[in-house]
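Right, one structure below, let's go through it.
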Protein chains: 2
Amino acid sequence: MTTNYSTPILRTLRASAFIDERITGALSAVHGVSLRDTMLMLYVKNAPGSKLSRIELAKRLCVSPSTVTRTTNPLEKIGLIGREADNRDARLSYVVLTPTGAKLLKNTEKTLEQLSGDFLTPKLTEKELLQLAQLLGKLTSDFPGNNTQA
Amino acid sequence: MTTNYSTPILRTLRASAFIDERITGALSAVHGVSLRDTMLMLYVKNAPGSKLSRIELAKRLCVSPSTVTRTTNPLEKIGLIGREADNRDARLSYVVLTPTGAKLLKNTEKTLEQLSGDFLTPKLTEKELLQLAQLLGKLTSDFPGNNTQA
DNA sequence: GCATTATACTTGCATATGAAAATACTTTAC
DNA sequence: GTAAAGTATTTTCATATGCAAGTATAATGC
């Protein structure tokens with residue numbers, strides 16, 4: 001029998017939909033930010049110099065540039081992120097974390113870790129978790145702006 | 001060092017977003033149906049008796065019942081799925097595949113398998129693919145309406 | 001049996017999203 | 001140096017989605 005390629009793909013999509021459904025609600029209820037907001041801020045934090053252009057963010061989040069604009073606007077308005085110009089290229093406007101944003105992100109990460117553990121530990125052993133993280137790491141290793149942490 | 005639970009979660013979400021972005025376009029371009037349409041029809045096909053109520057579909061797809069209604073309506077209109085009543089419960093209306101729908105699904109599955117292979121094979125070995133499928137299987141094993149295939 | 005509660009959808013409304021156009025700036029070609 | 005092409009971002013528009021309300025039917029309590 002030959003390998004079935006669709007199965008891991010379909011399972012990934014399903015797991016993602018399930019996780020998204022559960023975690024988004026909890027996260028925004030506790031911290032007032034969505035899962036997307038959180039991932040955006042995580043990418044900014046982990047980027048070299050802790051700043052990212054909107055285009056780079058779009059690639060990392062796998063969403064359109066318009067979505068980045070519409071995600072960052074309210075975060076900027078409530079003071080969690082800021083805007084930084086580039087000296088050489090006036091088209092660029094980097095997203096950076098404000099002190100408030102960095103502080104909130106720290107707390108949000110804790111909640112996310114808690115929620116993730118609650119979801120994962122009943123199903124997988126420590127060893128399996130490590131395996132899964134490694135395999136998904138390989139799968140996403142060539143994604144734009146990949147960093148080991150996420 | 002303690003286990004990091006967020007990483008596999010974030011990687012799953014990212015892989016899903018990436019896959020979704022790539023596969024949805026190709027799939028609808030070739031067969032005229034979206035990835036969601038395809039997953040819906042797959043769940044129907046694999047369900048006992050090859051029929052599913054809309055509520056059961058919502059659970060399997062991890063979406064709201066309204067989304068199921070709005071996904072099935074056009075599929076019904078173009079003759080890919082049908083509607084079947086329940087003898088004992090007049091509230092239920094099962095989704096079933098029409099012969100046309102079943103035929104289209106067979107072709108769509110082939111394309112999906114091809115696209116999945118193109119995405120996976122450059123990154124993981126056969127052995128790793130099997131491992132990944134197994135781990136994701138454990139992760140999604142207690143999802144409503146789980147079946148081994150997806 | 002009748003009223004209350006629960007379930008299976010469907011629809012109205014507000015929000016979220018991508019594609020493409022619009023805008024502003026930069027790079028390349030010559 | 002100027003025109004053409006390319007890039008970063010925002011905005012417009014059409015579509016997609018969840019929540020909550022609406023409708024119809026079934027199950028439960030008494």
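These values consider heavy atoms only, across backbone and side chains, with no hydrogens, waters or symmetry-generated copies. Chain letters run A, B, ... following the sequence lines, proteins first, then strands; residues in each count from 1. Values in this document were obtained by computation on a predicted structure and should not be read as measured data.
Between B:Leu61 atom CG and D:dT17 atom C1' there is a gap of 13 Å when expressed in whole angstrom units. Look at NZ on B:Lys59: it is 16 Å from P on D:dG18, rounded to the nearest Å. Rounded to whole Å, the distance from CG on B:Asp20 to P on C:dT17 is 13 Å. Whole-Å rounding puts the B:Leu35 CG to D:dT17 P distance at 11 Å. Atoms CD1 (A:Ile81) and P (D:dT9) sit 12 Å apart, rounded to a whole Å. In this structure, A:Lys77 atom NZ and D:dT10 atom C1' are separated by 14 Å, rounded to whole Å. Atom CZ of A:Arg88 is separated from atom P of D:dT7 by 19 Å (rounded to the nearest Å). Here D:dT9 presents its P atom at 9 Å from CZ of A:Arg83, a figure rounded to the nearest Å.
Residue contacts for A:Leu92: at a heavy-atom cut-off of 4.0 Å it reaches the sugar-phosphate backbone alone, with no base atom in range. Among the heavy atoms of the strands, none lies under 4.0 Å from B:Val68.
Close to D:dT10, at under 4.0 Å from its OP1 or OP2, lies a side-chain N or O of A:Arg54.
Every residue meeting the salt bridge (charged side-chain N to carboxylate O under 4.0 Å, His left out) condition with A:Arg91, not counting sequence neighbours, appears here in chain and number order: A:Asp89. In this structure, B:Lys59 has no salt bridge (charged side-chain N to carboxylate O under 4.0 Å, His left out) partners at least two apart in sequence or on a different chain. With sequence neighbours excluded, no residue forms a side-chain hydrogen bond (donor to acceptor under 3.5 Å, both in side chains) with B:Thr98.
Axis orientation changes by 30° from one end of the helix from C:dG1-D:dC30 to C:dC30-D:dG1 to the other, with each end axis drawn from 5 pairs and the value rounded to 10°.
With hydrogens and angles left out, the side-chain atoms of B:Ser66 and B:Thr69 include no donor and acceptor closer than 3.5 Å.
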N/O-N/O pairs, protein side and nucleotides 19-24 of chain D side, under 3.5 Å:
from   : atom 1 : to      : atom 2 : distance (Å)
D:dC19 : N4     : B:Ser66 : OG     : 3.0

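Annotation for B:Val96: hydrophobic cluster partners, listed by chain and number, are none (ILVMFWY side-chain heavy atoms under 4.5 Å, direct or chained).
Both A:Thr67 and B:Thr72 sit near DNA chain C, but only B:Thr72 has its closest nucleotide nearer the 5' end. In this structure, A:Glu21 and A:Ser53 both approach DNA chain D, and ranking their closest nucleotides by distance from the 5' end singles out A:Ser53.
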